Amino acid sequence: MDIRFEQSDTLKEKPTGALGFGKIYTDYMFVANYDADQGGWHDLRIVPFGPIELSPASMVLHYAQETFEGLKAYRTKDGRIQLFRPEMNARRFINSNERLSMPAVPEDMFVGAIKALVDVERDWVPANEGESLYIRPYMFATEACVGVHPATSYQFIIICSPSSAYYPEGVNPVKIWVEDEYVRATPGGTGFTKCGGNYAGSLKAQEKAEAQGYTQVLWLDGVHKKYVEEVGSMNAMFVFGNTVVTAPIDGTVLPGVTRDSIIRLLKDWGYEVEERHMPIDELMEGAKNGKLTEAFGTGTAAVISPIGELCYKGEKAVINDFKTGELTQKLYDTLTGIQWGTIADPHEWTVEVEKQA
Ligand code: COI
């Protein structure tokens, strides 16, 4: 893969204090253009991070043909830089783009571009505990036209942000508002994709939850408003003793990389994992009678976020005395241990970013 490199005249100072999440950006970004009449992807380049030029008529600004991914680069104690299952992000990006009538970025181009950019930016991968380089690949329609049709030109960009925990709460329980008015996804829609529109449509419920003193929303299915789906922008898992329940991947739920990895670990450890549509009444009942022993959200950004309280139609239920559960903590420690290279990686999930000469 041929990637042109354009040297920046000035390099930024590396941050010394708290990083926060997604606030600081590195020196370079990867950019590629797609033009149907030029045979597809061309002009792959790593250039200084900076503003992009777009026609005001660019189709993304009108009809939201935009998709994205999220993954992290981790620095190991011995100074290696590694990614976690980047091929899964590549495949999900292909599926998101297919659903939005956008072109595929081939898996080797997606992973190759990430590795090339992270290699250039390796000094930006933080060394402090709990910090990583958040990588944000995204694609959008650039064709200047306000007629509604799949665009004929696109840009694929990757930017990187040294970041710490996604939620200020870290791995501490949060209060969750069960949303029974707004919905996130419906069958046949875009719920399984990472498209910006899904997130835009979720903000109203998020504002509503926050106004009531809750951190995140628990989404119910878009047809019956009965079955539990996701929590905020994360997959949701519910522990009933030796059984863990999570919504199935059948069109409305995002196929999370963290979700998939946690299911694997749970099965390795002898847990029963049920991927099924669980009624909210069953969940609330379990929370009240104590059969629901732990609950948590899973995602790349926050890894695991324990759920300490649910509020549904004015009824409140506290889970595990609002404490981080033992299994939740073990999953967090194991997954992050594999990611930062402090414990063995039995499934060969990590991929090293080799240093190019
Ligand atoms: C995740 O990684 O869990 C997310 O989807 C959050 C991201 C939109 C910042």
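Everything quoted here is computed from the prediction, not taken from an experiment. Both ligands and their constituent atoms are indexed starting at 1 by order of listing.
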Margin query: Once you measure the plane-to-plane angle for Phe30 and Phe156, does it fall in the parallel (<30°), tilted (30-60°) or perpendicular (>60°) bin?
Written below: perpendicular
Note to self: Please list the nearest protein heavy atom to atom 2 (O) of ligand 1 with its residue and the distance rounded to 0.1 Å.
What the structure shows: Ala301 N, 2.8 Å
Next item on the list: For the residue pair Asp27 and Trp124, confirm or rule out a side-chain donor-acceptor distance under 3.5 Å.
Entry: yes
Checklist line | Atom indices of ligand 1 within 4.0 angstrom of Thr300 heavy atoms, with elements | finding: 1 (C), 2 (O), 3 (O)
Item checked: Residue and atom name of the nearest protein heavy atom (relative to atom 8 (C) of ligand 1), distance in Å to one decimal -> Tyr199 CE2, 3.9 Å
Next item on the list: Give the residue, atom name and distance (to 0.1 Å) of the protein heavy atom nearest atom 6 (C) of ligand 1.
Entry: Ser233 OG, 3.5 Å
Margin query: Is the distance between the ring centroids of Tyr199 and Phe68 under 6.0 Å?
Written below: yes
Notebook entry, point to check: Looking just at side-chain N and O atoms, do Ser161 and Arg136 make a donor-acceptor pair shorter than 3.5 Å?
Noted result: no
Notebook entry, point to check: How far is atom 5 (O) of ligand 1 from its nearest protein heavy atom, and which residue and atom is that?
Noted result: Lys194 NZ, 2.8 Å
Margin query: List ligand 1 atoms under 4.0 Å from Gly299, heavy atoms only on the residue side.
Written below: 3 (O)
Check: Side chains of Thr142 and Ser153: donor-acceptor distance under 3.5 Å anywhere?
Finding: yes
Margin query: Does either side chain, that of Ser101 or that of Gln65, offer a donor lying less than 3.5 Å from an acceptor on the other one?
Written below: no
Check: Considering only heavy atoms of Tyr166, which atoms of ligand 1 have at least one such atom less than 4.0 Å away?
Finding: 9 (C)
